[in-house]
Amino acid sequence: MSTASSPVDRHARPLGVLRLSLTGRCNLACPYCCPDDVDPPDLLTLEQQLRLIRVSCGLGVRTLRLTGGEPLLSDRLLPLLQRVAEGRCTSADPLQRLRDVALTSNGVLLNDDRARALRAAGLDRITISLDAADGASAARMAGLRGGALAGERLLQQVMAGLEAARAAGFDPQKGALKLNAVIQRGVNEDQLLSLVTLARQQKVELRLIEYMDVGNRNDWRPEQVLSAAEMIHRIREHWSLEPLGRGVGGTARRWRFRDGGGVVGVIASITEPFCGDCNRLRITADGQAFTCLFATQGMDLRPVLQSEDLLRQRLITGWAQRSDRYSEERTESHPDRRHAEMAYLGG
Ligand code: SAM
Ligand code: SF4
């Protein structure tokens, strides 16, 4: 059943997670993502972003994930976090319902000062993306010119970012610091075991993501997907794993290393879709709401962003009409359609 305070969509899925993109730009150029060089005109203002988050919390959102493009490029990030944190401490503010504020970043710009400032501003969790453990591969995956040397430098920056986050109090043991890696067959599949080894050494949970057909620029082909089952099979040849399953509304199917080496997860949106309990609403930096990562079109929220009431009504209506289950349909019928770009949507 749907109520005004907690709408459900046509498949009875509630709203639970808001992924807000702060920019479509990036300081890297991963070829599987292909970010924009410039931001769209009419970026949301801080007040509009806050209104969006506040209204979404009133409709059931409990997790806010800030993303991009590269969110650390946005000068809005800290002020936004600070305002969200104020709201979380103010009685009767819907922001009090937020349980979790997370950030996805490539980690390049994450230094000690930045990490401490994010922590102080109320950020709960950081996920850092890193697709390779050796220089040449890291450069290729990030779209860097300069070969292995440029990749080594990138690796150093990202590892320094990881350390800075840890030192600032983002504790991987409490799930506050994780690694993401996209694995592409024939491109960086040789990095799989090195990435697992690196994550185990760092005592950080690694999430291995199947290469997804988001956007139109990356020339995605199914044969470039290394399935989650294959990834787990390859890891199991080296370490014994115990399945932990996937939490309701979660994206990763998780496995525990039986030798105490932590946890590894796989995000299998191509081969094992999890549309059935998808609770994620994505909002782009210019205020387009997408109810699915693979949606063709967004819903323009800008005309209603000046009024909490109008915005609430628009989100309730939009969510109630939601019937997306693209990943499941892809498996059933291979639909061919255009998608919005990943760096615009924010992952
Ligand atoms: N720049 C930040 C980063 O890289 O973490 C945040 C934005 S990025 C779009 C969010 C996540 O989406 C990253 O972990 C990235 O690896 C992942 N991603 C981008 N394109 C993808 C694709 N085609 N398939 C699977 N994951 C992808
Ligand atoms: Fe940038 Fe993240 Fe896209 Fe890579 S995946 S180009 S780091 S937005």
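What you are looking at is a predicted structure, and each value in this text was computed from that prediction instead of being measured. Side chains included, hydrogens not; waters and symmetry mates left out as well; all remaining heavy atoms used. Order of listing sets the numbers, starting from 1, for every ligand and every atom in it. All residue numbers refer to positions in the sequence shown, counting from 1.
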ask   = When clusters are formed by joining ILVMFWY residues with side-chain heavy atoms under 4.5 Å apart, either directly or through shared neighbours, do Met212 and Val225 land in the same one?
value =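 The answer is yes; both residues are in one hydrophobic cluster.
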Write none if no such pair exists; otherwise list each N/O atom of ligand 1 with its protein N/O partner under 3.5 Å and the distance.
residue: ligand 1; atom: 1 (N); partner: Gly69; partner atom: O; Å: 3.0
residue: ligand 1; atom: 1 (N); partner: Glu70; partner atom: OE1; Å: 3.2
residue: ligand 1; atom: 5 (O); partner: Ser105; partner atom: O; Å: 3.4
residue: ligand 1; atom: 5 (O); partner: Ser129; partner atom: OG; Å: 2.5
residue: ligand 1; atom: 14 (O); partner: Ser129; partner atom: OG; Å: 2.8
residue: ligand 1; atom: 14 (O); partner: Asn180; partner atom: ND2; Å: 3.1
residue: ligand 1; atom: 16 (O); partner: Tyr32; partner atom: OH; Å: 3.3
residue: ligand 1; atom: 23 (N); partner: Tyr32; partner atom: O; Å: 3.1
residue: ligand 1; atom: 23 (N); partner: Met212; partner atom: O; Å: 3.1
residue: ligand 1; atom: 24 (N); partner: Met212; partner atom: N; Å: 2.9

Nearest 0.5 Å, what's the [atom1]-[atom2] distance between [X] and [Y]?
X	Y	atom1	atom2	answer
Arg97	Leu95	CZ	CG	9.5 Å
Thr291	Arg322	OG1	CZ	5.5 Å
Glu272	Glu210	CD	CD	6.5 Å

query = Does Gly68 have a non-hydrogen atom less than 4.0 Å from ligand 2?
reply =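 Gly68 does not count as a contact of ligand 2 under the 4.0 Å cut-off.
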query = Are Pro35 and ligand 2 in contact, using a heavy-atom cut-off of under 4.0 Å?
reply =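 The answer is yes, since Pro35 has a heavy atom less than 4.0 Å from ligand 2.
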query = Can Gln49 and Arg83 be counted as having a side-chain donor-acceptor contact under 3.5 angstrom?
reply =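 No donor-acceptor contact under 3.5 Å links the two side chains.
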query = When you check the gap from the basic side-chain N to the acidic O, do Glu308 and Arg312 get nearer than 4.0 Å?
reply =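 Answer for the salt bridge query: yes.
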inquiry  = When you measure from atom 3 (Fe) of ligand 2 to the N, O or S atoms of Cys30, does any of those distances fall below 2.8 Å?
reply    =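 No, outside the cut-off.
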key: Minimum-distance protein heavy atom relative to atom 3 (Fe) of ligand 2   = Cys33 SG, 2.4 Å
key: Residue, atom name and distance, where the atom is the protein heavy atom closest to atom 1 (Fe) of ligand 2   =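 Protein heavy atom with the smallest distance to atom 1 (Fe) of ligand 2: Cys26 SG, 2.2 Å.
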Nearest atoms (heavy-atom pairs only) where Arg65 meets Thr104 = NH1-OG1, 2.9 Å
ask   = Closest heavy-atom contact between Phe274 and Thr251?
value =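 Heavy atoms only, the tightest pair is CE2-O, 3.5 Å.
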query = Can you list the atoms of ligand 2 that are under 4.0 Å from a heavy atom of Gly69?
reply = 8 (S)
ask   = Looking at Asn106, which atoms of ligand 2 are within less than 4.0 Å of one of its heavy atoms?
value =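 Near Asn106, the atoms of ligand 2 are 7 (S).
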ask   = How far apart are the C-alpha atoms of Asn106 and Glu70, what are their side-chain angles, what is the distance that settles it, and do they pass the side chain to side chain donor-acceptor pair (under 3.5 Å) test?
value = CA-CA 7 Å; Asn106 60 36; Glu70 176 47 44; 3.2 Å; yes
